[in-house]
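For reference, the structure discussed in these notes is given below.
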Amino acid sequence: MQKIHAAITAVGGYVPEYILTNQELETMVDTTDEWIISRTGIKERRILKGEGKGSSDMAVEAVKRLLAKRPDVKPEDIELLICATTTPDFQFPATANVITDKAGLHNAFGYDVNAACSGFLYALNTGAQFIETGRHKKVIVVGVDKMSSILNYEDRATCIIFGDGAGAVLLEPDTEGYGIIDGVLKSDGAGRAHLHQKAGGSVKPATMETVMNKEHYVYQEGQTVFKFAVKNMADVAAQIMERNNLTSDDVAWLVPHQANKRIIDATSERMGLPEEKVMLNIQRYGNTTNGTLPLCLWDYEKQLKKGDNIVLAAFGGGFTWGATYIKWAYDGEKIGK
Ligand code: UT7
């Protein structure tokens, strides 16, 4: 019997309308457009505004745009939705449940995956297994974050980096050798000290004091995280190339997590890829955490060709990191935005 691979067969994305520019940040914290661009590559990021709006609202838009590209697939045909997020709508229930309800995916079960910036890769590889076993035929994997909900806009070291956004992919079975071919996923919990949110979980539930102490915001030791990210993201991207016998000529695209342009450059250099083969939208969206990888696929979908070898790579809080090798399953020109 032919091996079943999980192929990405459509992509949807959504970023909120409000654009927070470096110039506006200059009026909020002690920073400059020049510093932000030279240290990170970011020019602007999107922010979800509006009372009562959360990650699910962006994810629902991404899912609707994905389904609009595939009129042959009805919302009721989706069997499972996995949502990768670090900023869930609620502690519980899972944001996946909110999304399936709001998007009318009435036959889908859903759950969330939390692996910070590597969450989309974890969810993608998990979703792939449901397809590879033959048990499920239509799985949606979403990566979404409303990072603005956990940022301290008085902390120049973190608020300049992150933005809000969502992306979604549809996974379907393929027996012709296209789809997700390989994945390497890693984690090291000792890294949690350097990037986390101090309060709001069961260890330190929210109190007046935790709010006063600003413990519900992202805490990041930037330089330490940077060093681990550069090494580990490049290592794992090189590892997946080696074990699949891929040379730099064989790889059509690197889809890197958009945390810092300097980390992306280090990864592509290690892989021997020229910059034309590297997906980049950090300048427009900043770091949308779980949103970065599917938003790259969404932005570049039109340029993707059937048979393209694509390597996705990410690094994030936890620490978590990983890479995934995909043989792209369709000509994006026919379906892209
Ligand atoms: O996606 C999840 C994983 N996260 C990451 O991958 C992020 C990894 N880390 C980074 O991308 C970088 O470390 C940052 C962009 C966060 C910071 O860049 P850096 O080059 O590592 O800066 P730094 O923390 O070493 O700070 C250098 C200087 C400091 O001033 P002094 O002490 O040299 O006087 C900072 O206070 O830059 C200062 N600084 C700023 N200056 C202007 C820090 N933030 C800013 C700012 N504007 N926004």
Side-chain angles (χ1 to χ4, degrees), residues 20-45 84-87 114-122 143-148 150-165 167 185-197 217-237 255-268 270 279-283 285-296 312-323:
L20 175 59
T21 61
N22 289 351
Q23 285 72 22
E24 187 175 352
L25 280 166
E26 283 176 354
T27 69
M28 297 160 67
V29 289
D30 181 14
T31 192
T32 60
D33 177 48
E34 195 278 326
W35 191 96
I36 300 173
I37 291 178
S38 64
R39 303 311 291 164
T40 69
I42 302 166
K43 291 182 180 154
E44 56 190 43
R45 62 295 286 143
T85 188
T86 309
T87 49
N114 180 352
C117 296
S118 310
F120 182 76
L121 277 192
Y122 276 47
V144 59
D145 270 300
K146 183 184 169 188
M147 293 306 290
S148 61
I150 54 168
L151 286 176
N152 177 1
Y153 284 96
E154 293 175 350
D155 175 13
R156 66 178 183 173
T158 50
C159 74
I160 55 120
I161 306 170
F162 295 98
D164 303 339
L185 300 174
K186 306 261 191 186
S187 63
D188 178 0
R192 70 188 184 280
H194 310 294
L195 179 50
H196 58 266
Q197 190 177 332
Y217 295 128
V218 171
Y219 169 83
Q220 175 170 264
E221 294 161 14
Q223 270 191 20
T224 309
V225 177
F226 185 89
K227 280 180 203 147
F228 277 96
V230 163
K231 180 174 185 326
N232 288 319
M233 205 163 119
D235 277 357
V236 88
V255 191
H257 174 50
Q258 310 279 307
N260 188 315
K261 173 79 163 57
R262 292 181 289 143
I263 300 172
I264 295 171
D265 290 345
T267 305
S268 56
R270 177 81 175 278
M279 294 192 189
L280 199 71
N281 56 19
I282 190 172
Q283 67 282 12
Y285 306 149
N287 180 353
T288 55
T289 303
N290 286 276
T292 61
L293 298 178
L295 278 171
C296 277
L312 293 81
F315 181 88
F319 291 139
T320 55
W321 66 104

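Numbering of ligands and ligand atoms starts at 1, following listing order. What you see is a predicted model; the values in this text were computed from it and never measured.
Checking side-chain atoms of T224 against main-chain N and O of H194 turns up no donor-acceptor pair under 3.5 Å. Proximity of a side-chain donor or acceptor of R156 to a complementary backbone N or O of V29 within less than 3.5 Å is not detected.
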Taking distance alone, no hydrogens or angles, what donor-acceptor pairs closer than 3.5 Å link side-chain atoms of residues 34-42 to residues at least two apart or in another chain?
{"unit_1": "S38", "atom_1": "OG", "unit_2": "E34", "atom_2": "O", "d": "3.0"}
{"unit_1": "S38", "atom_1": "OG", "unit_2": "W35", "atom_2": "O", "d": "3.3"}
{"unit_1": "T40", "atom_1": "OG1", "unit_2": "I36", "atom_2": "O", "d": "2.6"}
{"unit_1": "T40", "atom_1": "OG1", "unit_2": "I42", "atom_2": "N", "d": "3.1"}

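In this structure, K43 has no side-chain hydrogen bond (donor to acceptor under 3.5 Å, both in side chains) partners at least two apart in sequence or on a different chain. Y153 pairs by the ring-ring contact (aromatic ring centres under 6.0 Å, His included) definition with nothing, not counting sequence neighbours.
With N290 as the fixed residue, the side chain to side chain donor-acceptor pair (under 3.5 Å) test singles out one of T87, D145, T85: D145.
When heavy-atom distances to ligand 1 are checked against 4.0 Å, the residues falling inside are D30, T31, W35, R39, T40, C117, R156, A157, I160, I161, L195, Q220, G222, Q223, V225, F226, H257, A259, N260, R262, I263, N287, ordered by chain and number.
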